[in-house]
2 protein chains.
Amino acid sequence: MIQADFSSQIDAAVQQQYHLIHAIYVLLDDGDRRVLRQFGLTLAQYRVLLLLDLEHGQRLTTLSERLLRAKSTITRIVDQLEHGGLVARSSDTEDRRAQRVVLTPAGADVLRRARAVHEEKLVRRFTLALQENEQERFIALLTRLHDSLVDSLNTLGAPVTGPE
Amino acid sequence: MIQADFSSQIDAAVQQQYHLIHAIYVLLDDGDRRVLRQFGLTLAQYRVLLLLDLEHGQRLTTLSERLLRAKSTITRIVDQLEHGGLVARSSDTEDRRAQRVVLTPAGADVLRRARAVHEEKLVRRFTLALQENEQERFIALLTRLHDSLVDSLNTLGAPVTGPE
DNA sequence: CCGGAATAGTTAGAGATGCAATCATTTCGT
DNA sequence: ACGAAATGATTGCATCTCTAACTATTCCGG
C-alpha cells in the first residue's frame, strides 16, 4: 500500500471531476432510456445496433469488447434483437465457432428512426450547454482523460484483477 | 416538434463527447468496483457510506434522491450494510414513518480505509491524465454541462416521459 | 376532528448484467 | 499429426436495479 500524502487541494479537484462525470452519465443515461423506450429499445440494444451499422457482420466477441460488456450479455442482447427481427446471426465461413451478426432491413430502419430522435435530442442538450469552441476544448480534455484511463487499465488495472 | 437541420459537423462533435463520456464512465466504474471489492463493498454501498459520512442520520428517501436510485434499491442496500454491521437504522423521533440511517464505528472504519485506497487510485488516474490547470478548465466545462442537463431534465425531460 | 391525499419505507416480481462452467472448434507446440 | 491450450458462443446462477403494489403514518381541507 502506498500511503498518499497528496495535497487535499488536488484531491478535492479530482473528487469533483469524478462526481461530475458520474452525475452527467446518469443524466445522459436517463434521457437516453426515455427516448429509446419509444422505439422498444434498451440502451444496450441501441448500442449494438449502432456498432452493427458501422460495420456489418461483427462477431459477438468483438461487440463484447467494444461495448465493454460480458460476452454472455451480448449473447442475450443479440438474442433479443434477433427475436425482434432487427438483426440476424450467420455462420462465419472461416471459423465455425463464430457467429456474424448483421442488421436486417427492419433493424436498419428502426435504428435510423431511433437515431434521428436520439441524436437530435442529444445535440439540443449539448448545444444548450456549451458553445462550439468550448465543445472542442471539452473533447480534447475528455480524450486525454479517456486515453489515460485506458493506459491505466492496461498497466495498473490488470494485475489487480486476480489477486492470488 | 422542432425540426432540426443541425450541421453534421456539430452533430459529430456531440456524438464524440457523448461517446467519450460514456467510455470514461465505464472505465471509472470498472476501476471503482475492483478497488471496493477488496473491502467487500459494492459501488452503491460505498456511495451510501460516503453520503452518511457527510451527514449522519439521513432518511432513506433522502439517500434515494441524492443517489438517483429507487427507494427500494436504497432499502436493500441499507439492509446489506446493516447486516454487515456498517450502518444502523434508528427511528425518527419526529416522524414515525421515517428511519434515520447512521454509520456505526465499524462502518466508519471500513469507509475510512476504503476511501483512502479509492481516492488514492482516483487521484493517480486523473493526475496522470490532466495537469492541474487543465483540471480546472475541465471542471468548469463539466459543471456547465451538468447544470444544463439538470435544466433540460426539468424543462424538456418531464413532459416527454408519458407520450401516451 | 375526520377522511382523503401524500409521504416513508418495505416487499414482490421482472429485467439486465457479470461470473463461472460448458461445448465446439481452432491454434499451437512437439 | 496429435493432444493441450486457447477461443467463440451459450447457459445457469447470483446480484443489482427498477416498477408497482402495499402498509403505516402524517398532512390537509372542510
Distance test, side-chain N/O of B:Thr61 to OP1/OP2 of C:dG9, below 4.0 Å = yes
Whole-Å distance, A:Asp79 CG to D:dT10 P, equals 6 Å
Query raised in the report: For the base of C:dC19, is there a side-chain donor-acceptor partner from A:Ser72 under 3.5 Å away?
Result: yes
Here the distance between atom C1' of D:dC16 and atom CG of B:Asp29, to the nearest Å, is 12 Å
A:Arg100 CZ to C:dT25 P, in whole Å, measures 17 Å
Practice item. Would you indicate what A:Gln80 reaches in the nucleic acid, counting non-hydrogen atoms under 4.0 angstrom: base, sugar-phosphate, or nothing? Key: sugar-phosphate
task = With heavy atoms under 4.0 Å as the rule, sort A:Ala98 into base, sugar-phosphate or nothing.
result = sugar-phosphate
Assign A:Leu63 to base, sugar-phosphate, or nothing according to its heavy-atom contacts below 4.0 angstrom with the strands shown. nothing
Separation of D:dT10 atom P from A:Asp92 atom CG, nearest Å, is 13 Å
Between CZ of A:Arg37 and P of C:dG15 the distance, given in whole Å, is 14 Å
Is there a side-chain contact between A:Arg47 and A:Arg66, using heavy atoms and a 4.5 Å cut-off?
no
ask   = Do B:Arg112 and B:Asp53 meet the salt-bridge criterion of a basic N to acidic O distance under 4.0 Å?
value = no
So does A:Thr73 get a side-chain nitrogen or oxygen closer than 4.0 Å to the phosphate oxygens (OP1/OP2) of C:dG18? yes
- Would you indicate what A:Arg33 reaches in the nucleic acid, counting non-hydrogen atoms under 4.0 angstrom: base, sugar-phosphate, or nothing? nothing
B:Asp92/B:Arg96 ion pair, N-O < 4.0 Å
no
Assert: residue with more 5' nearest nucleotide on DNA chain C, out of A:Gln45 and A:Arg96, is A:Gln45
One thing to verify: whether A:Asp79 and A:Arg89 come together as a salt bridge, which I'm taking to mean a side-chain N less than 4.0 angstrom from a carboxylate O. yes
Query raised in the report: Is there a donor and acceptor pair, one atom on the side chain of A:Arg97 and one on the base of D:dT7, closer than 3.5 Å?
Result: yes
On DNA chain D, more 5' by nearest nucleotide between B:Thr42 and A:Gln58 is A:Gln58
*asked:* With a cut-off of less than 4.0 Å, is there a side-chain N or O of A:Thr75 near OP1 or OP2 of D:dT10?
replied: yes
From NZ of A:Lys71 across to C1' of C:dC19 the rounded distance in Å is 12 Å
Rounded to whole Å, CG of A:Leu60 lies from C1' of C:dT17 at a distance of 16 Å
Name the nucleic acid region contacted by A:Arg89, choosing base, sugar-phosphate or nothing; use a 4.0 angstrom heavy-atom cut-off, strictly under. sugar-phosphate
note: B:Leu81, atom CG; D:dT15, atom P; distance rounded to Å ~ 15 Å
Polar side chain donor-acceptor pair, B:Asp30 to B:Tyr25, under 3.5 angstrom: no
Between B:Val101 and the options B:Leu51, B:Leu81, B:Val78, B:Ile74, the side-chain contact (heavy atoms from CB on, under 4.5 Å) test singles out B:Val78
Practice problem: Report which part of the nucleic acid B:Arg76 touches: base, sugar-phosphate, or nothing (heavy-atom distance under 4.0 Å, all strands). | Solution: base
